[in-house]
Amino acid sequence: MAYKVTLIPGDGIGPEVAEATVEVLSALKVPIEWDRQELTATIIEQMGSSLPEYVIKSMERTGVGLKGPVTTPIGGGFKSVNVSLRKQLDLFANVRPVFTLPGLKTRFEDVNIDMVIFRENTEDLYSGLEHEVVKDVVESLKIITRYASIRIARYAFEYSRANHRKKVTAVHKANIMKLSDGLFIRCCREIAAEYPEIAYNELIVDNASMQLVMRPETFDVLLLPNLYGDIVSDLAAGLVGGLGVVPGANMGEKCAVFEAVHGSAPDIAGGGLANPTALMSSAILMLRHLGETEAANRFQRALSETFRQAKYLTRDVGGTAHTAEFTQAVIGNL
Ligand code: NAI
């Protein structure tokens with residue numbers, strides 16, 4: 001029986017990286033029946049909804065999605081598709097493994113980085129509760145609940161236990177936001193106490209950012225509220241080669257969406273220059289979620305080997321190859 005998976009290629013470089021990823025999955029012969037759903041900035045503008053009903057319906061049918069980026073207007077226009085998707089499908093955990101790819105030239109290439117970042121995905125300053133109090137004074141509400149904090153903390157600790165991770169670091173700013181981040185950190189401590197085999201520590205977000213740059217190899221699992229998680233996970237991506245190479249997963253109780261964390265890269269869209277590694281790595285996470293461990297391992301080995309050979313890398317990571325050449329190299333290494 002084939003797995004049913006919703007494919008949202010997105011726009012900009014989305015369709016290029018989606019096509020490349022689907023090609024490798026098909027070479028792997030994992031039986032997947034794609035439920036392809038078009039979602040682009042133009043469609044969203046025409047329909048007047050950042051998350052049309054057909055996308056939600058498809059996700060409810062399949063429970064699993066593979067998603068490319070969708071352009072979001074900045075400082076106005078429609079709401080981010082990703083934020084809407086996470087809210088509507090209650091994808092409460094954003095999971096980002098960040099690890100060194102052998103052969104990839106980065107500022108930290110001599111350091112073995114291997115961390116997993118867990119970001120609460122549904123509240124905090126992303127609640128969308130903003131209003132103008134009086135002219136030229138705007139208020140944005142930061143919402144932190146015990147329910148969401150406990151849920152993400154438990155998810156991170158359960159993952160750590162299942163994957164033999166040794167340390168969870170909770171990141172906060174409770175010295176300033178004593179009530180909101182204070183609640184988050186109390187929930188983390190409460191859950192940490194249930195997992196005595198896993199070490200637990202806390203870092204204030206500014207210090208955590210510095211430590212990540214100075215000693216990235218000392219981090220194992222990070223646990224953060226939404227906004228810090230958003231910023232720190234991109235910082236961590238920068239340690240291992242940037243947004244073009246790191247995967248992401250948005251996990252809920254009923255649905256999971258695997259997506260490249262980079263945007264639609266309008267500056268290079270349509271030129272065959274996109275690096276599909278991030279979406280390919282997200283597809284590897286998807287295979288693990290589906291229980292296709294052997295296929296996931298093969299895909300990961302082929303991807304790592306392609307980087308180690310460094311013959312067909314794309315421009316963003318110092319190579320000259322086009323998306324299609326990189327993809328063929330990965331398939332050749334399967
Ligand atoms: P971006 O990630 O699209 O691009 C930043 C830089 O990285 C650009 O120079 C781009 O060429 C490069 N880049 C990104 N991904 C790459 C890849 N796979 N291969 C090679 N180079 C790559 O970020 P930007 O420019 O801030 O956003 C562009 C649009 O994407 C915006 O409308 C933004 O809202 C949207 N966006 C969508 C996301 C999503 O749907 N998941 C996530 C982030 C941004």
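Whatever order the structure lists ligands and atoms in, that order sets their numbers, starting from 1.
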Quick one: side chains of residues 236-250, donor-acceptor pairs under 3.5 Å with protein atoms, not counting sequence neighbours, listed by atom name and distance.
{"from": "Asn250", "atom 1": "OD1", "to": "Arg86", "atom 2": "NE", "distance (Å)": "3.4"}
{"from": "Asn250", "atom 1": "OD1", "to": "Asn94", "atom 2": "ND2", "distance (Å)": "2.8"}
{"from": "Asn250", "atom 1": "OD1", "to": "Asn121", "atom 2": "ND2", "distance (Å)": "2.6"}
{"from": "Asn250", "atom 1": "ND2", "to": "Glu259", "atom 2": "OE2", "distance (Å)": "2.8"}

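- Those atoms of ligand 1 that come under 4.0 Å of a heavy atom in Pro69, given as number and element, are 39 (C), 40 (O).
- For the residues Ala274, Gly248, Ala265, the heavy atom positioned nearest atom 3 (O) of ligand 1 is part of Ala265.
- By the 3.5 Å distance cut-off applied to N or O atoms, Val70 is counted among the residues near ligand 1.
- In this structure, Glu45 CD and Thr71 OG1 are separated by 9.5 Å, a value rounded to the nearest 0.5 Å.
- Heavy atoms of Leu279 come nearer than 4.0 angstrom to ligand 1 in no pair at all.
- Close contacts between ligand 1 and Asn275 involve ligand atoms 17 (C), 18 (N), 19 (N), 20 (C) [criterion: under 4.0 Å to a heavy atom].
- Relative to atom 27 (O) of ligand 1, the option among Gly242, Gly263, Gly10, Gly244 with the closest non-hydrogen atom is Gly263.
- Of all non-hydrogen atoms in Pro69 and Gly14, the two that sit nearest each other are CD-CA, 3.7 Å.
- Contact between Lys67 and ligand 1 is present, with at least one heavy atom of the residue lying under 4.0 Å from the ligand.
- When Asp267, Thr72, Ile268 are ranked by how near their heavy atoms come to atom 9 (O) of ligand 1, first place goes to Asp267.
- Ligand 1 places these atoms under 4.0 Å from at least one heavy atom of Val261: 42 (C).
- Within 6.0 Å of CE on Met214 lie no more than 12 heavy atoms contributed by other residues, nucleotides or ligands.
- The ligand atoms of ligand 1 that sit less than 4.0 angstrom from a heavy atom of Thr71 are 32 (O).
- Under a 4.0 Å criterion applied to the non-hydrogen atoms of Pro266, ligand 1 contributes the atoms 28 (C).
- Each of Val17, Thr306, Val24 was checked for a side-chain contact (heavy atoms from CB on, under 4.5 Å) with Thr327, and the lone residue meeting it is Val24.
- The salt bridge (charged side-chain N to carboxylate O under 4.0 Å, His left out) search around Glu60 returns none, not counting sequence neighbours.
- Between the side chains of Gln328 and Tyr312, no donor-acceptor pair is found at a separation under 3.5 Å.
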Checking side-chain contact (heavy atoms from CB on, under 4.5 Å) for the pair Leu334/Leu28: CA distance, chi angles, key distance, verdict?
-> CA-CA 8 Å; Leu334 281 177; Leu28 270 168; 3.9 Å; yes

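- The atoms of ligand 1 that sit less than 4.0 Å from any heavy atom of Ile13 are 15 (N), 16 (C), 17 (C), 18 (N).
- Atom NE2 of His131 sits in a crowded spot, with more than 12 heavy atoms from other residues, nucleotides or ligands closer than 6.0 Å.
- Residue contacts with ligand 1, taken as heavy atom pairs separated by less than 4.0 Å, involve Asn82 solely via side-chain atoms from C-beta onward.
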